[in-house]
Each structure stands twice: as C-alpha cells, then as structure tokens.
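Scope of the values below: all heavy atoms of this structure, side chains included, with no hydrogens, waters or symmetry mates.
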2 protein chains.
Amino acid sequence: MFEPVKLKDIAKALNVSVSTVSRSLSGGHEISEKTRNIVLRYAQKLNYRQNPIALSLKERRSRSIGVVISEVANSYFSQAISGIESIAYDRGYHIFITQTHESADREIANVQHLSSRSVDGLLISLASETQEISHLKSLHDKGLPIVFFDRVSPEIETHKVIANNYKGAFEATVHLIKSGFRRIAHITGAHHLSTSKDRLRGYLAALDLYSIPCKPEYIIYCENGGMIQAETDAAIAQLALMPDRPDALFIGGDKLSTGCLSALKKQGLQVPQDIAIAGFTNSDVAELFKPSLTAVSQPAYQIGQKAAEMLIQLIESKKPVTQFETEMFSTELIVRKSTDKV
Amino acid sequence: MFEPVKLKDIAKALNVSVSTVSRSLSGGHEISEKTRNIVLRYAQKLNYRQNPIALSLKERRSRSIGVVISEVANSYFSQAISGIESIAYDRGYHIFITQTHESADREIANVQHLSSRSVDGLLISLASETQEISHLKSLHDKGLPIVFFDRVSPEIETHKVIANNYKGAFEATVHLIKSGFRRIAHITGAHHLSTSKDRLRGYLAALDLYSIPCKPEYIIYCENGGMIQAETDAAIAQLALMPDRPDALFIGGDKLSTGCLSALKKQGLQVPQDIAIAGFTNSDVAELFKPSLTAVSQPAYQIGQKAAEMLIQLIESKKPVTQFETEMFSTELIVRKSTDKV
DNA sequence: GTGAAAGCGCTAACAC
DNA sequence: GTGTTAGCGCTTTCAC
C-alpha cells in the first residue's frame, strides 16, 4: 500500500531526531540555518507531507467543516456549495457535504455523523421536515460552532446568512400586480421554515400595499418543498379547480418553481395566458423554459462564501464569541415571459 | 470547547482499565458479561463515540474517499454524487467532494489535497482540460486505489464505470435520421475525453449505417465542455453561418445541451423548425424547455453507486487486485419535441 | 541547537 | 477476565 514519508524516515536518514525535523519543517526559530536547510531539502526531495490525521489528533481539530443541505441537485445549493468551497479551500479547510433530502431523520443522522467525524464546525440549511432542532442545540451548547444559512432557526443564537427573502417575495409579487394580475396565489415550502415565513410576509405586504385582499385558500404549503412532485401536482390541481381560479402564482422555492411549471403543464394550463408565474429559483436555464421564467434569484455563491467565512472565524476565534450577526443579501428579480400579461 | 467523552473517562469512572472499556465496546469475547454490560450502559448514557481520527491514525486509513468531478451544478454529477453517497454511507465511508471546474490545474490541486488528507481511495471523472494524468499515475503506482467513472483514461489500469456512450450516441443519431434529418452536425466536449470519443464513434456509426456522408465541418469540439457559454455560442454561430446549414444537431454533453439551446435562441434559430436537437443530458427539467428536449439520459445514480462499490472493494481487498473491469451502463433515449420533423 | 519523552485517543499484543 | 504497554505521526516541553 501507499506509504507516505514520515518525520521518522527523514530523521533516520539524516541522523537527527524527529523533533529537529519537525522544528525545521515548521519553521521553528531554534534551529541552525544549516540543519534546517538540509532537512528542508531532503523533505522536499522525498515530497514529504504532514499527516493531517496525526495533526488533527494532536491539535484536536480536523480542519474540516460539515455542510448539511437538502440536495446538491438544486441550483441554489450547488451554487452555495461552490461558494463555501472557494473560501474553505483558501483557508485550508475541507468540506464534508451531506444531503438530507428534506428528511429530519437524515438530518439528525448526518449531523451526528459529521460531529462524530470531528468536524470543526457546521454549515447548515435545515431540512423541510425539521421542526425540532435539539440535535443541533446540544452540539452547539457543547461548543461546536454552527452557522446557519438559507433556512435558519431562531432557536440557536449564532451567525446566520440569508437572502432578503421578504424583499425578494415583495418585489416579485409587486411585479405581478403591476403586470395587471389581481388573483395572485402563493405556493411555498414547509410552513415552519424561515424562508417560507419571510417569503409569505413579502407576498402579503405586496398585496396589502395594493389593497388586494388576501385569500387564505390562495396560500398553499408544500411541506416537502417540491421534493415530491405529486405534492406539487396536488397543489396546482387544487388551485386549478377553484371557482375563482388565480390568474397568477408566486412560488417560494427553487425546486417548487420548476415543479409548478411541470404541474401546470400536466393540468393543461397555459403560462402566462391562463396563469402567470414568478418564483424563487437560481436555475441557470430559467431562460430556456416554456415560457421563460420570471425568477427571484439569490446570490447563492456569495451566501455560501459569507457563511463559510463566518464559520471559520468562529472556529478560529480564541475567545468565545458572544456577538452574533445575521447577514442578509439582496435578491434579484429577473423578469421574463412567464409574467407577461396577455 | 466541545469535549467528547473518551475511553479514559469511562475507564476512570468505572474503575477499570482503558482496554477493558475498549474491548467491551468493540464486542471482544474475552470480557465478562457483567463488566461488558456495565461499560455498555455507561457508555450509552454518556453518548460515547469513537474518535474517528484516533482510529484512522491507528488503522492507518481514514474511511473516507475523495470524489473529483467537474461541477456539482450539473445534473449528471449531482445524481452520481447521490449514488456514491448512498453506498459510502452504508459502508461507513465519508466522501470529500471536490470540483475541478474543468481545469487541469485545479484537478491536480484537488487530487493532491485529497491524497494528503489521506483518503483511502479516489473516484474521479477527468476535467475537460486534463490531457496528462501523471498526477494520478504516481498516486496509483504508490498503491492508492482509484476508480474512474464517466470520463475515464486508458492510461491507468483500474476499475472504470461508464455509460454506453457509443450506443447512446448511436441511438440518438439514428433517431434524428429516422425523423427525416440528413444534415446532422455534432457538437461535443473536449476532443481527448473518452466520452467525446465514444459519442463521436456512435454518431459516425449511425451516419454510416444510413450511408450519410460525414462532413468534417459538421463536427465541432467545445474544449470547455459548455463551461464557457461564449464557446458554445461560437460553435452554434459557426454552424448557423454554413452555406449548407445543418438541419439537426446531436450534442455530446450535459452542460452543452442546455448551452446549445440557449445559443440557438440567441441566434434566432427555431428548434426544431430550423434545426432539430438531441443531446446527452440528465436534466430533470428537459421536459420544460422550449421545445422540450430529446435527451440521452444516463443512469447517473447507479453509475455513482457502482463506482463507489468498486472503489470500496478495492480499498478493502486484502491482496492486491490485478483483475480490473470496466462496467458499462445503458443509456436511455427520451424522445421529446426538439426532434420533431415539421 | 538538539534530543528525549510525553501525550493526542485508540487498539492489540502481551502479561498475569 | 483484566491490566499494562507500545505504537499509529506529530508537536512541544523539558533537559542538556
């Protein structure tokens, strides 16, 4: 098998002690220039690499961070991951990515697994199903740094990074209203998620501003957040059958937006003739849909970067951090054909 | 900070030795039922977890595998990752995902980083830019298990997992021909990639079967594999300007397929009226495009699973493996509107 | 300036 | 059946 060079090998070959080698390599001051150079040169020649596992054991940290998301196959998350990765890489951290597929059980298992793998910190966007976060709380109480992004929880006081979901939803809804639609429904993710709540508030605020009464039956929660297409189909079917069928739809989720487009197609409803839609999505192909999709896009890459930065800062902070921030990024409304009034 | 329970804590509390605790926990036979029960119960109560880092140091393996792909934001790879993850998780392995973004330099850095992080093995799909794989060869020669998937290299003898790219391309091209198209161009990824070569062969074989002469100018390589949209746009522009403009297009890459759709739109070419298209893609929204996209879909999840299985088998094999296999999976042709003859 | 030795958490060979 | 000890690769304190 693969046998990397270790300090002992170098020490033996050079007839010095292991500690001399270690000190030379780590740039210790108390080493003679001459010895250091010899060691350095030899180590270089043998392509010596520190064994990170031994180092972790020694330092009692792993230089790795755990990432918990619902799915990589989601444009928002895959972009966020790239952002996280870019920062982590720069700072010498590795990332463990785990997927919950929106299941609370898998989230618990993943978090458990990661913490037992001694990650130095956790970056998490909660699963749709998760309502109770004692699995995170206990870890956090024990001192494990955690930074929330996207779907956050008020129950743990720590850094959080989110998009301005309220404003994004508000703008999208206003755009629908200004385009001439009045019967605007809202399909969104699990009711307890922070993102769902904020987006709902934005939607309601826009209706309110234009004095459009809000119909409770126009608000539909998809508890699986688009993970299960049948649920999305059912939501659309429900809207389609209403006597006072909506003429527009504001969708509060990445997976849901494409899911609704697909469901509407199955229902035989034309977009935007029968019903206009605008939705949160970071898809890079929203332009190509039939019709092209008016989208609320989040700066997912930057959100990932910021979250990683904050986590690493937390990890590397000498004294316990007590001041926590919630960083908020602006969304962008990209108007396309799915909200054209015809 | 976060201080997990260790064997020593349990030993001290129970007034036994560390080894007794270790043996009880690992189900050693030479322990009295009584002691074991006491230890087990206490460990349970304290929620004891083995420290995987210490274990790795001891066992000289990390129970983790490195995954090198071009991008997670790619339907094929995100599905493959899920497959890899499902197997790895079952077998007690963690995965490190790294992205090359098609750059050879980043691939080298990632591989280097992973190997220095002591992964037990590597799962890799080569970057578009990679032509020279000595960085992998040297690691492989030193005994690091490597399994290739998707984009493989003949230069290293090991297990490989791929889709039947030849047949997938053949079927897609035949479908275009049978639909009545004759001037069929082929846009594909970097010329040296195994996938590009196999798909080209399939395309040529189909043309040949129907005695359609192959025009060299109808074959365009996008060396960045759709990563840079400008390159894809240029390829389409080139085709659009030909005096004998193709009436159909077979596309040999996931990112390229959507990229071409977008480029055609910019060129003002209607699909399929002006030009029909069929392409490799695992996108779950190919149905929603305008027009819906005829796709060659790969069983990415299964490919990921198989690759992970093979790698773990390699890792855990007692004796050096000398017999290597290349596992091939069938693709599926999903016919949609983008290849309708009008 | 350099070496010896302890210790990070764990397992296992070797005592008893 | 249980304890003692060495060792995985590394850093760092303490001697010299």
Original post:
Quick one: what's the B/S/- string for nucleotides 8-16 of chain D, heavy-atom cutoff under 4.0 Å, read 5' to 3'?
Top reply: BBBBBB---
Original post:
Listed by chain and number, what are the side chain to side chain donor-acceptor pair (under 3.5 Å) partners of R41(B), not counting sequence neighbours?
Top reply: none
Original post:
Which pairs with one or both residues in residues 115-156 of chain B pass ring pair (Phe, Tyr, Trp, His ring centres under 6.0 Å), sequence neighbours excluded?
Top reply: none
Original post:
Whole Å only: how far is the CD1 atom of I53(A) from the C1' atom of dG9(C)?
Top reply: 13 Å
Original post:
Is a salt bridge present between K160(B) and E327(B), judged by a nitrogen-to-oxygen distance below 4.0 Å?
Top reply: no
**OP:** Assign T35(B) to base, sugar-phosphate, or nothing according to its heavy-atom contacts below 4.0 angstrom with the strands shown.
**Re:** sugar-phosphate
Subject >> Protein-nucleotide distance (N15(A), atom CG; dG3(C), atom P), rounded to Å >> reply: 9 Å
Original post:
If we only count heavy atoms from C-beta on, is the P145(A) to D120(A) side-chain gap below 4.5 Å?
Top reply: no
Subject >> By side chain to side chain contact (heavy atoms under 4.5 Å, CB included) - contacts of A73(A) (at least two apart) >> reply: E71(A), S78(B)
Original post:
Between the axis at one end of the helix from dG1(C)-dC16(D) to dC16(C)-dG1(D) and the axis at the other (five pairs apiece), what's the angle to 10 degrees?
Top reply: 60°
Subject >> Listed partners of Y89(A) passing side chain to side chain contact (heavy atoms under 4.5 Å, CB included), at least two apart >> reply: A109(B), N110(B), H113(B)
Original post:
Under 4.0 Å between a side-chain N/O of S17(B) and OP1 or OP2 of dG3(D), yes or no?
Top reply: yes
Subject >> Check ion pair R91(B)-E309(B) (N to O, under 4.0 angstrom) >> reply: no
**OP:** Mind calculating the distance between CG (N37(B)) and C1' (dG1(D)) to the nearest angstrom?
**Re:** 15 Å
Subject >> Rounded interatomic separation in angstrom, taking NZ from K12(B) and C1' from dG3(D) >> reply: 16 Å
**OP:** Evaluate the ring planes of H159(A) and F324(A), with Trp represented by its six-membered ring, and classify them as parallel (under 30°), tilted (30 to 60°) or perpendicular (over 60°).
**Re:** perpendicular
